[in-house]
Amino acid sequence: MSPRRTLSLLPPAARVVPLVAAVPAAVLGGAWLLLIRADAPLHQVVSVVRGATLMVSAAGASVFDDPATSITQATPAPVRVRAGTRIMVQLGVVVAAWSGVVALASWRSAEPLPVALLFVELATLVTVGWAVAAWWRRGSGDLRAGHVAAPALLVFFLAARELPQRLSLFTWDPADGTWGASQTRWVALGAVAVAAVITALREPLSRQRSRQQEDP
Amino acid sequence: MTTASSPAARSASRTRSFPRVVALLGGVFLLLFGVRAMAAPQTFFDTVALFQPYNQHFLQDIGAFQIGLGAVLLLGVAAPFKGLAVALLGVGVGMAAHTLSHIVGTDLGGKPASDIPTFALLSALLLAAGWQQWRDRRA
């Protein structure tokens with residue numbers, strides 16, 4: 001599909017993608033930041049930002065929710081293009097909501113926040129949410145896969161808490177020597193999640209076959 | 001047939017309003033005590049909860065859960081026939097306060113690096129599910 005046609009899908013995507021859930025998540029995170037003392041220690045602020053990141057990511061897991069899919073799936077656009085436009089729209093809101101929390105956190109923190117490293121965690125968690133939603137939707141046909149993906153993120157977190165220290169994702173003080181290693185694990189997890197999303201968004205087999213027949 | 005001003009109607013009205021009045025009073029009481037325990041745990045310990053030894057975090061946790069219980073009662077007053085929504089929202093409010101207790105007490109022990117994000121997400125899920133149930137006209 002041409003970029004112009006792809007861009008033309010953005011407005012309809014913006015109308016159907018559930019966007020508002022990320023805002024209350026960010027507001028709750030912001031409220032917690034306002035309730036801790038000013039010039040809070042860095043590890044305290046990081047923990048709140050991480051909590052807000054997880055909430056915003058859970059909100060972002062609703063990206064593929066669309067009860068009208070049974071009507072719109074007849075569109076000639078490939079699955080990945082349709083999903084990509086939804087992701088672009090959702091990502092804008094998720095990043096904006098998260099940036100608001102980070103701006104507030106920077107103001108409350110006594111030290112500079114490691115924003116780039118925290119963004120890696122956001123990117124990974126959001127992608128894990130999408131991966132679960134995409135696979136659930138593909139496997140079950142559920143039109144509200146976000147209702148499964150958001151609690152799945154909680155299960156993922158509860159399971160990750162049980163990891164041994166050498167594999168921990170929860171290093172919370174950038175001054176800690178293990179922060180870099182945990183960030184590497186976040187990146188690796190994010191890469192796996194991206195691959196899972198791409199794989200889950202394959203064309204259905206019947207549609208692949210019909211396209212091959214159309215384009216010999 | 002009973003009219004709005006008949007003794008039977010007034011009696012029925014009082015019967016219906018009694019649980020709501022008790023829920024309102026209980027909710028306000030729990031909410032105020034909960035906020036007090038969370039905001040000033042030392043004063044709460046000195047004046048109300050004279051149980052040694054003093055533990056700031058557990059007192060704030062008690063405050064958080066009292067806030068949740070109070071929220072359940074007050075939401076129940078507002079919507080007496082929305083049981084699941086009231087339960088989800090009330091427990092969500094308590095969990096949000098519990099998360100705050102862990103944020104405030106980051107240096108007091110526990111596993112804050114994983115506890116805070118986990119409780120934060122649990123709060124968000126409870127509140128989101130409660131809000132959806134609240135808006136559901138069939139509920």
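By convention in this document, chain letters (A, B, ...) are assigned in the order of the sequence lines, proteins followed by strands, and residues within each chain are numbered from 1. Just so you know, these numbers use all the heavy atoms, side chains as well, and skip hydrogens, waters and symmetry mates.
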Closest heavy-atom pair and its distance - A/A26, A/V101: O-CG2, 3.6 Å

Any residue meeting side chain to side chain donor-acceptor pair (under 3.5 Å) with B/Q66, in chain and number order, not counting sequence neighbours: none

Going by atom types alone, do B/R36 and B/T47 pair a side-chain donor with an acceptor below 3.5 Å? yes

Please tell me whether A/W98 and A/F119 form a close aromatic pair, meaning their ring centres lie under 6.0 Å apart. yes

Under a 4.5 Å heavy-atom cut-off, does chain B meet the side chain of A/L154, its backbone, both or neither? both

Which atom names give the shortest non-hydrogen contact between B/Q133 and B/L88, and what distance separates them? CB-CD1, 4.4 Å

With only heavy atoms counted, which part of A/A25 is less than 4.5 Å from chain B, the side chain, the backbone, both or neither? neither

So which of B/L127, B/L122, B/D115 has the biggest tally of heavy-atom pairs under 4.5 Å with chain A? B/D115

For the interface with chain A, which of B/A124, B/S123, B/P117 has the highest count of heavy-atom pairs at distances below 4.5 Å? B/P117

B/A96 versus chain A, the contacting section by heavy-atom distance below 4.5 Å: both

Need one label for A/L153: side chain, backbone, both or neither, based on atoms under 4.5 Å from any heavy atom in chain B. both

With a 4.5 angstrom heavy-atom cut-off, is it the side chain or the backbone of A/L54 that approaches chain B, or both, or neither? both

Could you tell me which of A/P24, A/A58, A/G51 has the largest number of non-hydrogen atom pairs under 4.5 Å with chain B? A/G51

Answer with yes or no whether the side chains of B/Q42 and B/D46 bring together a donor and an acceptor at under 3.5 Å. yes

Chain A contact via B/L125 - which portion, at a heavy-atom distance below 4.5 Å: side chain

Can you find a pair of side-chain heavy atoms, one from B/W134 and one from B/L75, that are under 4.5 Å apart? yes

